[in-house]
Amino acid sequence: MHYADIIVDISHENLDKSYQYSIPEEFREEAIIGALVIVPFGKGNRFIKGYIVDISETAKWKVELIKPIHQIVPNGLVIESQLISLAYWIKETFGATMNDALKTVIPVKKSVKSIEKKTIRLAISAEEAGNYLEVFKKKNNKGRVRLLEAFFSDSDEQPQAIEELDYELAVNKLNIARTTIQDLEKIGIITTKVERLYRNPLSNRETEYESILLSKEQKFIADEIIRDYKAGFRKTYLIHGVTGSGKTEVYLEIISSVIKQGKKVIMLIPEIALTYQTVMRFYKRFGSRISIMNSRLSQGERYDQFMRAKNGDIDIMIGPRSALFTPFKDLGLIIMDEEHESSYKSENPPKYHAREVAIKRGELSGASIILGSATPSLESYKKALQGEYKLFTLPSRNGEGRMPKIWIEDLREELKKKNKSIFSLHLKELIQDRLNKKEQIILFINRRGYAGFVSCRSCGFVMKCPHCDVSLTAHNNGTLICHYCGHEESMPSKCPSCGSKYIAAFGTGTQKVEEMVKKEFPEARVLRMDTDTTKTKDGHEKILSAFANQEADILVGTQMIVKGHDFPMVTLVGILAADLSLYASDYRAAERTYQLLVQAAGRAGRGRLPGEVVIQTYQPEHYSISAASNNDYDGFYKQEMNYRDLLKYPPAAHILAILIASKDENKAIFAAKLLGGAAKEWAETEQITEDTIIIGPAAAVLSKANDIYRYMIYVKQSDYKYLILLKNYLEGYINFSEHFEMCNVQFDFNPMNSY
DNA sequence: AGCACGCCGACT
DNA sequence: GTCGGCGTGCTC
């Protein structure tokens with residue numbers, strides 16, 4: 001016998017509960033995950049709608065109490081069905097529970113109650129109501145009395161009723177039962193009304209037609225994709241366009257064509273990357289038929305935006321990765337801007353990557369996918385080169401902008417010149433020059449992934465793990481630890497490469513840079529942008545607009561300033577320590593460094609004035625730095641791909657990260673060792689030991705958080721499906737063994753962030 | 001959301 | 001007794 005887990009009346013019920021029904025033999029074929037069904041429910045066996053979310057052969061409930069599915073609605077593959085199948089795919093692919101997957105895919109109405117305003121009104125005159133009130137008082141109908149009295153203002157003899165009463169208030173504060181309100185409604189004394197308050201982040205605006213002239217390259221790409229689309233092809237495209245090449249114009253052109261064909265569009269953007277300028281461009285072109293979500297939106301507000309989409313009130317949804325689940329009925333296109341961004345990977349379960357999910361949704365809904373980036377992820381570029389995605393390039397800047405001139409300054413040379421300041425002589429000179437010319441400067445500190453690595457100030461040598469080729473992390477007790485394999489060694493007193501004693505843990509903060517700038521250039525007006533100064537609600541926006549209005553000469557900040565902002569008066573970008581992010585202890589360090597450098601350099605010379613970029617580094621010879629300075633993505637890709645191939649890091653192979661966390665350190669270590677052993681045994685029984693690399697267990701980079709100890713195991717395998725099998729196997733193992741009671745184990749496929 | 005059950009005060 | 005109002009819990 002087959003059984004189906006069914007969620008009833010999705011939009012209302014909370015998704016924690018599913019009910020199991022048996023599948024009659026004649027429905028076996030049609031009963032697929034996502035199907036819309038009719039089932040008998042409750043004591044009266046009244047028929048209600050539901051969706052199949054899972055199918056199994058075991059009954060989780062008393063078999064004699066399981067009812068059969070009454071009917072499977074034909075062509076019931078409505079939008080909810082699509083999203084449920086998507087949830088199931090996410091569950092299978094990224095290893096999560098069906099519940100978690102469903103919750104991310106379908107917005108729950110529960111939290112929406114505050115947005116959906118339900119009110120109670122009197123259906124009769126105040127006078128009549130007064131009469132009823134007297135009757136109820138005599139009969140001692142406390143609930144009814146409380147409800148009616150609420151309509152009259154305090155101790156006023158004259159029956160002067162207030163117009164409406166908040167439903168929530170009546171139920172919670174006045175303690176009136178749902179049934180009481182229903183009864184009164186039946187008698188005809190009151191009526192209830194639901195009002196949905198939609199809120200639109202920006203108010204309606206006239207659509208000014210801004211006709212954009214596309215460059216030849218832009219037009220070529222837009223035309224190709226539009227032609228494919230009209231011919232009925234649904235593909236995945238990768239647009240590799242240098243910073244400032246005008247990818248947005250290409251998107252706009254394609255979007256308007258897709259909308260003209262009656263289809264809807266989802267545009268994904270990385271968190272906080274959406275600037276006011278971009279929003280306005282979309283509004284100007286598409287007016288109020290777009291909706292914008294941001295990560296600050298409450299669940300209720302998000303639900304609201306989704307309902308507008310479902311009702312067909314909008315054509316375009318713009319937002320972070322959760323916008324991917326917008327319930328558009330006829331989705332035609334998903335655009336993913338800055339596809340390399342790590343915020344597209346969810347950090348809590350289900351730990352899905354929006355790129356993979358977008359492609360799957362495209363497949364289910366019949367939509368094309370466009371990925372865009374100035375610095376594509378290796379994953380995407382590899383697929384593009386293999387022909388799985390169609391690749392387009394925009395090699396030059398659009399309009400007035402020219403690619404900036406890039407200088408590399410070797411910081412080891414500066415030390416030889418006895419320049420101990422954080423600015424190279426050349427950078428100082430250029431800063432002074434821009435201050436004189438009243439042009440603007442951005443100073444960028446690369447703090448990404450910084451985790452106390454140890455480097456030599458004299459030769460730039462960095463202490464690395466002999467087994468994993470990631471940098472070692474300095475701990476307070478004077479040892480250096482590799483967070484991939486657990487290798488340990490003691491802190492050297494002099495540099496193993498050149499013998500200099502200038503070897504130490506490294507780091508520079510934004511405040512320190514700000515101080516140094518003020519000391520060196522007392523006349524400059526400086527703005528600082530980091531997590532400290534952007535804590536307030538629109539601190540972010542304030543600093544950026546102040547800088548855009550030229551209220552400051554120099555903007556000092558971390559990676560948050562490199563995201564797609566357009567400051568035409570910026571003609572100099574200084575990257576103070578380009579290699580800092582190279583030594584993050586994870587395999588994506590070089591890729592991230594390349595991305596940061598290119599994006600940061602991309603801020604210079606976006607207006608009429610030509611720009612210059614100074615990259616300061618201890619490692620000018622490193623390929624990620626030299627490639628970034630020459631804008632040589634292909635060169636970078638080849639080198640980095642070599643490294644990944646050699647060490648079997650993604651996309652050369654797939655990696656499963658297993659986090660074992662426990663309050664008790666010994667239990668965490670013990671559990672981690674058990675899991676490591678189980679993984680090894682599993683690989684042996686599957687006969688894939690040659691192709692499976694198990695690393696660890698070792699302490700995580702964040703080895704202890706909130707008094708919880710964290711250990712990691714990494715498993716590398718070229719075939720993704722084996723990693724899923726392994727995860728299922730280990731989950732079974734954990735359930736079976738009693739050594740995991742005090743432990744929390746989490747799985748992450750192809751992680752983007754280090755643990 | 002609907003339905004039933006159990007509790008309580010009021011009235012036959 | 002028993003009826004109607006009220007509050008609560010459950011639905012595979």
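Naming convention: chains lettered A, B, ... in sequence-line order (proteins, then strands); numbering from 1 in each chain.
- Of the residues near DNA chain B, A:Lys138 and A:Thr179, the one whose nearest nucleotide (by heavy atom distance) lies more toward the 5' end is A:Thr179.
- Look at A:Asp748 and A:Lys345 and you find a salt bridge, because one of the NZ, NE, NH1 or NH2 atoms lies within 4.0 Å of a carboxylate O, short of that distance.
- The main-chain N or O of A:Lys310 is found under 3.5 Å from a side-chain atom of A:Lys329 such that the two form a donor-acceptor pair.
- For B:dA10, one of the phosphate oxygens OP1 or OP2 lies less than 4.0 angstrom from a side-chain nitrogen or oxygen of A:Asn140.
- With rounding to whole Å, A:Ile181 atom CD1 is found 11 Å from B:dA1 atom P.
- The pair A:Asp315-A:Lys264 meets the salt-bridge criterion, since a charged nitrogen lies less than 4.0 angstrom from a carboxylate oxygen.
- Relative ring orientation between A:Tyr19 and A:Phe41 is described as perpendicular, the plane-to-plane angle rising above 60° on a 0-90° scale split at 30° and 60°.
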Polar atom pairs between nucleotides 1-4 of chain C and protein, under 3.5 Å, N or O only, would you list them?
none

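- For the pair A:Lys142 NZ and B:dG9 C1', the interatomic distance rounds to 8 Å; values are reported in whole Å.
- A heavy-atom distance below 4.5 Å is found between the side chains of A:Phe151 and A:Ile120.
- Across the protein-nucleic acid pair, A:Asn141 atom CG and B:dC11 atom P stand 11 Å apart, rounded to whole Å.
- Nucleotide B:dA4 holds its P atom 11 Å from the CZ atom of A:Arg46, rounded to whole Å.
- As rounded to whole Å, 15 Å separates atom P of C:dT8 from atom CD of A:Gln182.
- Here B:dC3 is the nucleotide among B:dC3, C:dC12, C:dG7 with the atom lying nearest to any side-chain atom of A:Arg178.
- Salt-bridge formation is not detected for the pair A:Asp100/A:Lys91: no Lys NZ or Arg NE/NH1/NH2 atom is positioned less than 4.0 Å from an Asp or Glu carboxylate oxygen.
- With rounding to whole Å, A:Lys17 atom NZ is found 12 Å from C:dC12 atom P.
- Counting non-hydrogen atoms under 4.0 angstrom, A:Thr180 reaches the backbone sugars and phosphates but no base.
- At C:dG7, one or more side-chain N or O atoms of A:Arg146 fall inside 4.0 Å of OP1 or OP2 (strictly under the cut-off).
- A:Gly44 comes within contact range of no nucleotide atom at all, as no heavy-atom separation falls under 4.0 Å.
- Side chain of A:Gln717 to backbone of A:Asp719: a donor-acceptor contact under 3.5 angstrom is found.
- Look at CZ on A:Phe47: it is 16 Å from C1' on B:dC3, rounded to the nearest Å.
- Residue-level contact check: A:Asp5 touches neither bases nor backbone, having no heavy atom under 4.0 Å from any strand.
- Note: A:Phe749 and A:Tyr720 have tilted aromatic rings, judged against thresholds of 30 and 60 degrees for the angle between ring planes.
- Within residues 58-68 of chain A, the residues approached by DNA chain C to less than 4.0 Å at the level of any non-hydrogen atom are A:Trp61, A:Leu65, A:Ile66, A:Lys67, in residue-number order.
- Between A:Glu731 and A:Lys727, at least one side-chain nitrogen of the basic residue sits less than 4.0 Å from a carboxylate oxygen of the acidic one, meeting the salt-bridge criterion.
- In this entry the distance linking CE of A:Met1 with C1' of C:dC12 reads 13 Å, nearest Å.
- A close approach under 4.0 Å does not occur between any side-chain nitrogen or oxygen of A:Tyr19 and OP1 or OP2 of C:dT11.
- Remark: A:Glu149 engages A:Lys137 in a salt bridge, criterion side-chain N to carboxylate O under 4.0 Å.
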